[in-house]
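One structure is given here, and the rest of the page talks about it.
Here the structure is a predicted model, which is why all the values come from computation and not from measurement.
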Amino acid sequence: MRSVDLIRKKRDGGELTAGELTFLIDGYTRGDIPDYQLSAWAMAVFFRGMTPKETAALTLAMANSGDQVDLGPIGGLKVDKHSTGGVGDKTTLILAPLVASVGVPVAKMSGRGLGHTGGTIDKLEAIEGFRTELSRERFIAQVNDIGLAVIGQSGNLAPADKKLYALRDVTATVESIPLIASSVMSKKIAAGADAIVLDVKTGSGAFMKSLEHSEQLAKAMVDIGTEVGRKTAAVISDMDQPLGYAVGNALEVREAIDTLKGNGPEDLTELCITLGAHMVVLGGKAENVEEAKELLRGQITSGAALSKFKAFIAAQGGNEAIADDPSGLPQAAVRLDVTAESDGYVQAIEAEQLGLAAMLLGAGRATKEAAIDYAVGLVLRKKVGDPVQAGETLAVLHVRDRSESVNEVSGRVRRAFTVGGTKPEHRGLLLSVVTQEGVSRYS
């Protein structure tokens with residue numbers, strides 16, 4: 001078998017076998033196949049695409065390139081959740097204890113952030129004492145004990161994906177849907193869950209800007225899961241504005257706590273209940289999504305979800321008192337209002353610009369080596385459709401000091417809001433659901 005023959009086969013529109021894809025991925029991971037040949041193959045995939053069977057085979061080859069997490073010692077159906085990322089996305093902090101509180105075990109590996117805010121691990125580390133590194137034995141024992149553990153990703157989880165992504169990043173092949181789908185799913189499959197629920201974002205603050213492309217990506221990932229024997233579903237949600245109101249690590253932890261208490265933003269609560277319902281159904285604890293939603297709402301009302309969050313924080317060494325009194329979380333020294341310059345309605349919010357503003361304040365990383373300030377970020381006071389008067393606060397910046405750079409960030413935040421004379425037409429948060437049966441859009 002020769003790499004050049006497989007490149008030519010894909011270039012000419014052929015379908016590669018599982019053995020051929022394994023040959024390419026294993027050879028590239030070992031260093032036997034050079035960058036220039038995998039680059040040529042990736043470009044051929046970019047233009048020719050891949051069949052569902054090919055994409056599943058590629059995913060398994062990448063998943064098998066490193067560690068495989070065995071969750072067999074954990075009782076029950078283990079359900080994982082993955083988000084394609086967005087501004088203000090703190091869903092794991094809510095979903096993990098919420099779903100675990102009804103008896104669906106959550107054994108989750110999450111990552112750090114690179115970009116506008118920290119990842120789930122960074123947010124959890126904003127809690128004093130919280131440990132994100134556990135031994136395999138401790139990880140499994142904790143899930144069996146309280147139904148929940150969240151740790152940092154293994155350094156050797158799907159190493160082929162890490163190497164291939166770095167190559168795609170410099171060869172203009174990142175946007176290939178089969179390659180995106182296999183990248184995401186290879187890590188999820190290697191992490192060992194029995195079922196996977198995907199939160200696919202679409203809009204100005206998401207990687208996929210259009211609903212159609214987001215649906216294509218979601219379907220590709222669901223097809224992969226189905227092909228390799230994992231129950232998989234995807235929910236496509238709007239990211240044309242931040243999720244919830246808080247953007248920044250400790251600020252998002254506080255908002256997650258509010259949501260577990262039943263006082264969270266409507267959009268964040270709705271998304272978590274919906275994603276959680278799909279997790280509960282796939283985990284075998286409810287017959288259908290509507291039944292699961294009612295079950296989860298009851299867990300919030302009764303306080304069971306918050307109690308599970310406290311047990312989770314305590315089990316991993318964190319200060320569980322912050323669940324009752326979030327003032328124990330890191331807090332910025334200075335708060336600055338960003339105000340509107342005219343009357344009207346908020347017609348649009350550029351979510352990506354607000355994410356970049358939070359990163360410039362120190363809430364995210366411009367490079368992998370950068371340190372995060374857990375306290376800084378911003379909190380919206382207005383969302384799309386809200387009326388606003390000149391001089392009224394659009395957002396509050398939580399900052400270290402009143403430096404000149406903060407003034408620049410303030411201007412960026414103000415420009416992210418479009419204020420006009422007419423109230424915009426309402427667009428729902430939940431847009432589509434994708435299962436192995438196909439794509440259905442919310443009305």
Side-chain angles (χ1 to χ4, degrees), residues 84-90 113-118 201-211 214 237-252 255 265-268 332-367 370 372-373 375-429:
T84 58
V87 182
D89 183 5
K90 70 281 293 178
L114 179 60
H116 46 72
T117 58
K201 309 293 190 184
T202 191
S204 65
F207 178 72
M208 306 300 285
K209 305 298 183 186
S210 75
L211 178 57
S214 299
S237 59
D238 178 56
M239 190 43 74
D240 268 341
Q241 61 178 331
L243 181 62
Y245 289 85
V247 183
N249 299 281
L251 295 169
E252 293 186 42
E255 190 166 72
E266 183 180 343
D267 59 346
L268 178 60
V334 178
R335 298 182 186 185
L336 298 173
D337 288 353
V338 178
T339 57
E341 296 178 329
S342 60
D343 296 349
Y345 293 90
V346 178
Q347 295 186 323
I349 300 175
E350 293 183 51
E352 187 173 20
Q353 290 304 310
L354 293 184
L356 290 172
M359 183 188 74
L360 293 171
L361 293 175
R365 296 182 179 89
T367 65
I372 276 182
D373 184 334
V376 301
L378 58 95
V379 178
L380 277 65
R381 290 287 182 259
K382 298 290 182 180
K383 301 271 297 245
V384 172
D386 289 345
V388 63
Q389 295 180 338
E392 197 172 1
T393 301
L394 297 170
V396 179
L397 304 185
H398 292 240
V399 300
R400 300 173 187 141
D401 52 48
R402 297 174 182 269
S403 64
E404 186 63 32
S405 62
V406 169
N407 292 333
E408 294 174 11
V409 171
S410 179
R412 180 188 288 266
V413 170
R414 183 177 289 107
R415 291 189 296 274
F417 286 79
T418 299
V419 176
T422 57
K423 187 172 183 176
E425 185 177 337
H426 174 72
R427 170 172 166 166
L429 172 72

Where do Arg400 and Ala333 come nearest, in terms of heavy atoms and distance? O-CB, 3.8 Å

Listed partners of Gln353 passing side-chain hydrogen bond (donor to acceptor under 3.5 Å, both in side chains), at least two apart: Arg412

So does Thr339 get a backbone contact from the side chain of Arg414, meaning a donor-acceptor N/O pair under 3.5 Å? yes

Contacts of Arg402 meeting side chain to side chain contact (heavy atoms under 4.5 Å, CB included) (sequence neighbours excluded), chain-then-number -> Val334, Leu336

Suppose we screen for salt bridge (charged side-chain N to carboxylate O under 4.0 Å, His left out). Which residues come up paired with Arg335, at least two apart in sequence or across chains? none

Check step by step if side chain to side chain contact (heavy atoms under 4.5 Å, CB included) holds for Met208 and Thr84. CA-CA 9 Å; Met208 306 300 285; Thr84 58; over 6 Å; no

Rounded to the nearest 0.5 Å, what separation is found between the CG atom of Leu268 and the OH atom of Tyr245? 11.0 Å

Tell me every residue that passes side-chain hydrogen bond (donor to acceptor under 3.5 Å, both in side chains) with Ser403, counting only those two or more places apart in sequence or in another chain. Asp401, Ser405

Please round to the nearest 0.5 Å and tell me the distance separating atom CG of Leu380 and atom OG1 of Thr393. 11.5 Å

What one should report as the nearest heavy-atom pair of Pro242 and Leu354 is CG-CD1, 3.7 Å

Looking at Ser214 and Lys201, what are the two nearest heavy atoms and their distance? OG-O, 3.6 Å

Gln389: what forms a side-chain hydrogen bond (donor to acceptor under 3.5 Å, both in side chains) with it, not counting sequence neighbours? none

With sequence neighbours excluded, tell me which residues meet salt bridge (charged side-chain N to carboxylate O under 4.0 Å, His left out) with Glu392. Lys382

Might you point out which heavy atoms bring Val409 and Leu397 nearest each other, and give the distance in Å? CG1-CD1, 4.3 Å

Residues at least two apart in sequence or cross-chain that pass side-chain hydrogen bond (donor to acceptor under 3.5 Å, both in side chains) with Gln241, listed by chain then number, are none

Verify side chain to side chain contact (heavy atoms under 4.5 Å, CB included) between Val413 and Leu394, making sure each step is shown before the conclusion. CA-CA 9 Å; Val413 170; Leu394 297 170; 5.9 Å; no

Shortest non-hydrogen pair, Asn249 vs Ala363, comes out as ND2-O, 3.0 Å

Check: Asp240 side chain, Ile349 main-chain N or O, donor-acceptor pair, under 3.5 Å: no

Can you name the nearest heavy-atom pair linking Leu378 to Ala357, along with the distance? CD2-CB, 4.3 Å

Contacts of Asp267 meeting side chain to side chain contact (heavy atoms under 4.5 Å, CB included) (sequence neighbours excluded), chain-then-number -> Leu243, Pro265, Lys383, Leu429

Quiz: residues 415-425 side-chain donor-acceptor pairs under 3.5 angstrom, not counting sequence neighbours:
unit_1 : atom_1 : unit_2 : atom_2 : d
Arg415 : NH1    : Gly411 : O      : 3.4
Thr422 : OG1    : Gln347 : NE2    : 3.1

